[in-house]
Engineer: 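What follows is a structure written as structure tokens; I'll ask about it next.
One-based numbering along the sequence shown. Model, not experiment: these values are computed from the prediction.
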Amino acid sequence: PKASDCYAAAVFYRQENIMLDKALVWMNKAIEMTESPKFWQYRQQSLIMAANNEYKNAVDAAKKSLELATKADNQDYVKMNKESISEWSKKF
């Protein structure tokens with residue numbers, strides 16, 4: 001499968017709240033297969049990690065997303081990531 005297929009499947013599973021362990025495997029594979037992952041990819045990875053109660057990893061992924069979103073001047077993602085980092089940091 002292509003990286004985009006893995007990404008799409010992972011996002012769908014997260015949105016449907018099903019097979020979240022498989023969603024994480026697919027998202028990790030999508031990011032591995034992508035030469036320069038984008039902030040929205042790391043954002044989805046962080047959400048799936050949080051859904052799997054992997055809050056420390058979710059914070060790490062959200063920080064990557066935040067850094068890239070800041071460089072891209074995408075304030076919506078900057079805000080979402082900062083809020084998630086704050087929330088998830090309390091859970092570990």
Engineer: Strictly by side chain to side chain donor-acceptor pair (under 3.5 Å), give each pair with a member in residues 82-91 just once, sequence neighbours left out.
Structural biologist: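 For residues 82-91, and leaving out neighbouring residues, the side chain to side chain donor-acceptor pair (under 3.5 Å) pairs sorted by first residue read Arg43-Ser84, Lys79-Glu83.
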Engineer: Which atoms form the tightest heavy-atom contact between Asn81 and Ser65, and what is the distance?
Structural biologist: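 Residues Asn81 and Ser65, closest heavy atoms: ND2-OG, 2.8 Å.
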Engineer: Would you say Trp40 and Asn74 make side-chain contact, with heavy atoms under 4.5 Å?
Structural biologist: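 No, too far: nothing below the 4.5 Å cut-off.
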Engineer: Verify the cluster assignment for Val11 and Tyr13: are they in a single hydrophobic cluster under the rule of side-chain heavy atoms below 4.5 Å apart?
Structural biologist: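 Looking at the clustering, Tyr13 is in a separate group from Val11.
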Engineer: Listing request: all side chain to side chain donor-acceptor pair (under 3.5 Å) pairs with a residue in residues 17-35, at least two apart in sequence or in separate chains.
Structural biologist: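 The answer is Asn28-Gln45.
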Engineer: Any chain of hydrophobic side-chain contacts (each under 4.5 Å) joining Tyr7 to Ile31?
Structural biologist: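 In one cluster with Tyr7: Ile31, yes.
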Engineer: Could you check Met49, Met27, Lys38 and say which one makes a side chain to side chain contact (heavy atoms under 4.5 Å, CB included) with Gln44?
Structural biologist: Met27
Engineer: Are Phe92 and Leu66 connected into the same hydrophobic cluster when the rule is that any two of I, L, V, M, F, W, Y join if their side-chain heavy atoms are below 4.5 Å apart?
Structural biologist: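 Looking at the clustering, Phe92 is in the same group as Leu66.
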Engineer: Identify the heavy atoms of Ala3 and Ala30 that sit nearest to each other, and give their distance.
Structural biologist: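 Here Ala3 and Ala30 meet closest at O-CB, 3.4 Å.
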Engineer: Please name the pair of heavy atoms, one in Phe39 and one in Leu68, separated by the smallest distance, quoted to 0.1 Å.
Structural biologist: CB-CB, 3.7 Å
Engineer: Could you note down all residue pairs passing side chain to side chain donor-acceptor pair (under 3.5 Å) where residues 52-61 supplies at least one of them, sequence neighbours left out?
Structural biologist: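 Sorted pair list: Asn53-Tyr55, Glu54-Asn57.
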Engineer: Ser46 and Ala61: which non-hydrogen atoms are nearest, and at how many Å?
Structural biologist: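 In terms of heavy atoms, the two residues are closest at CB-CB, 3.8 Å.
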Engineer: Go through Lys63 and Glu67 one step at a time and tell me if the salt bridge (Lys or Arg N to Asp or Glu O under 4.0 Å) criterion holds.
Structural biologist: CA-CA 6 Å; Lys63 285 179 178 175; Glu67 181 185 335; over 6 Å; no
Engineer: Check Ile85 against Ala62 and note the closest heavy-atom contact, atom names and distance.
Structural biologist: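 Of all heavy-atom pairs spanning Ile85 and Ala62, the closest is CG1-CB, 3.6 Å.
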Engineer: With a 4.5 Å limit on heavy-atom distance, are the side chains of Tyr77 and Tyr42 in contact?
Structural biologist: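 Result no, sub-4.5 Å side-chain heavy-atom pair not found.
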